[in-house]
Amino acid sequence: METLLLTPTEENLLLAARALADGQLVGMPTETVYGLGADALNEAAVRSIFAAKGRPADNPLIVHVPSVEAAEPLCYIDERSRRVMAHFCPGPLTLLLPKKPIVPDVVNAGLPSVAIRIPSHPIARRLLELSGVPVAAPSANTSGKPSPTTARHVYDDLAGKLHSIVDGGECQVGLESTVLDMTREVPTVLRPGGITPDMLLAVLDEVQVADSVLRPLQKGEKALSPGMLYKHYAPKGMLSLVKGERFNVEKLIRRLYAESADMGKTVQVLAFEEHLSGYEGLNVKCIGSLAAPETVAHSLFATLRQADAEGIDVLYSEVLPPEGVGLAVMNRLSRAAGFRTLDADEEANA
Ligand code: AMP
Ligand code: MG
């Protein structure tokens with residue numbers, strides 16, 4: 001199949017919307033990352049999402065709708081969830097809600113809940129309205145790779161496997177939506193994102209963050225959010241995170257860089273804007289500002305993909321405090337590194 005790259009004209013959106021309603025796959029921009037969409041009520045179409053991505057069938061999908069009204073046939077929405085939706089939707093927030101029978105099991109891996117999101121991106125919204133169907137859409141990348149934040153990333157991973165990709169430019173947030181489980185007594189963040197726990201407290205008395213957010217699952221531990229089980233967001237090169245006091249971090253990264261380079265490896269440092277001067281003479285890439293974690297979120301996946309394109313073998317990255325949007329960044333970065341973290345302060349004291 002030849003995949004069409006579409007500019008977001010009304011005519012092209014109509015073409016893509018018809019393809020969706022017709023059971024085909026469409027790549028669409030959202031404010032978080034690009035999604036690989038299919039009609040959520042069409043089982044065969046949903047199955048083809050899993051096939052195109054190489055995604056395990058036990059990893060449920062998020063269903064996208066243009067409004068709360070359009071979500072009503074799919075799930076039960078209590079007063080508390082309505083309050084959250086009134087405040088944060090449309091936006092980068094996904095709610096897990098008790099599902100209604102109309103949602104086929106293939107969408108949500110047979111779980112009692114379904115994940116619902118109302119995106120704010122105008123192109124996604126128009127596409128959803130024109131198609132007239134709820135759209136199941138995971139990130140539009142090959143499973144395991146960094147999520148796509150441009151149409152080009154989608155094309156690089158999935159060309160030939162989908163009907164079309166609507167090009168909406170760069171995604172603003174750059175990380176996937178916050179996943180909030182509203183089926184539990186205390187609403188629980190299963191995946192951190194652009195909507196932070198502090199922001200949610202504006203309309204909820206209590207919010208929990210699943211404690212697996214910043215660590216690998218233990219053997220035998222059940223994943224609350226199956227997607228968090230798998231190795232994720234990983235570049236081809238070997239990425240390690242280096243934590244500690246700034247100058248210890250610089251010193252350790254400089255030493256490891258030299259060792260890797262001596263072995264003939266192509267090495268890259270991922271550093272904050274504020275610290276770039278500490279890596280003079282090395283191949284260093286700016287990952288945004290430490291003072292503004294949303295800038296790191298915005299460019300993280302594109303940076304990891306760029307490293308692949310440049311054939312980088314070994315990467316060392318600085319880390320930021322897991323607070324606010326920094327929690328979402330560290331959740332993705334830790335998984336991209338397979339949880340390899342080096343402690344520069346320990347090294348300095350050894
Ligand atoms: P992605 O489609 O790549 O954005 O990933 C969607 C995320 O939402 C994954 O981590 C899924 O495991 C999670 N998710 C979706 N639906 C459910 C559900 N019903 N219960 C628990 N987690 C879910
Ligand atoms: Mg994904």
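As the structure lists them, so they are numbered: ligands from 1, and atoms in each ligand from 1. Any value given below was found using the heavy atoms of this structure, including those in side chains, with hydrogens, waters and symmetry copies removed.
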Under 4.0 Å, heavy-atom basis, I'd like to know which part of [X] is in contact with ligand 1: side chain, backbone, both or neither.
X: T94; result: neither
X: K53; result: neither
X: D181; result: neither

- Task: Answer with yes or no whether the side chains of E318 and H275 bring together a donor and an acceptor at under 3.5 Å.
- Result: yes
Answer yes or no: does atom [atom1] of [X] have more than 12 heavy-atom neighbours from other residues, nucleotides or ligands under 6.0 Å?
X: F88; atom1: CZ; value: yes
X: K100; atom1: NZ; value: yes
X: K99; atom1: NZ; value: yes

- Check whether any N or O atom of N108, backbone or side chain, sits under 3.5 Å from an N or O atom of ligand 1, and answer yes or no. no
- Examine R55 against ligand 1 and note whether any of their N/O atoms are separated by less than 3.5 Å. yes
Run the numbers for me: atoms of ligand 1, each under 4.0 Å from some heavy atom of [X], listed by number.
X: S113; value: 18 (C), 19 (N), 20 (N)
X: A115; value: 15 (C), 16 (N)
X: N59; value: 9 (C), 11 (C), 12 (O)
X: L111; value: 18 (C), 19 (N), 20 (N)

- Message: Assess whether a salt bridge exists between R83 and E79, defined as any Lys/Arg side-chain N lying under 4.0 Å from an Asp/Glu carboxylate O.
- Response: no
- Query: Can you tell me if an N/O/S atom from S139 lies under 2.8 Å from the Mg ion (ligand 2)?
  - Reply: yes
- Message: Would you say V133 ends up clustered with L25 if hydrophobic residues are merged whenever their side chains have heavy atoms under 4.5 Å apart, either directly or through other cluster members?
- Response: no
- Note on the structure: Heavy-atom nearest pair, L4 first then L15, reads CD1-CD2, 4.0 Å
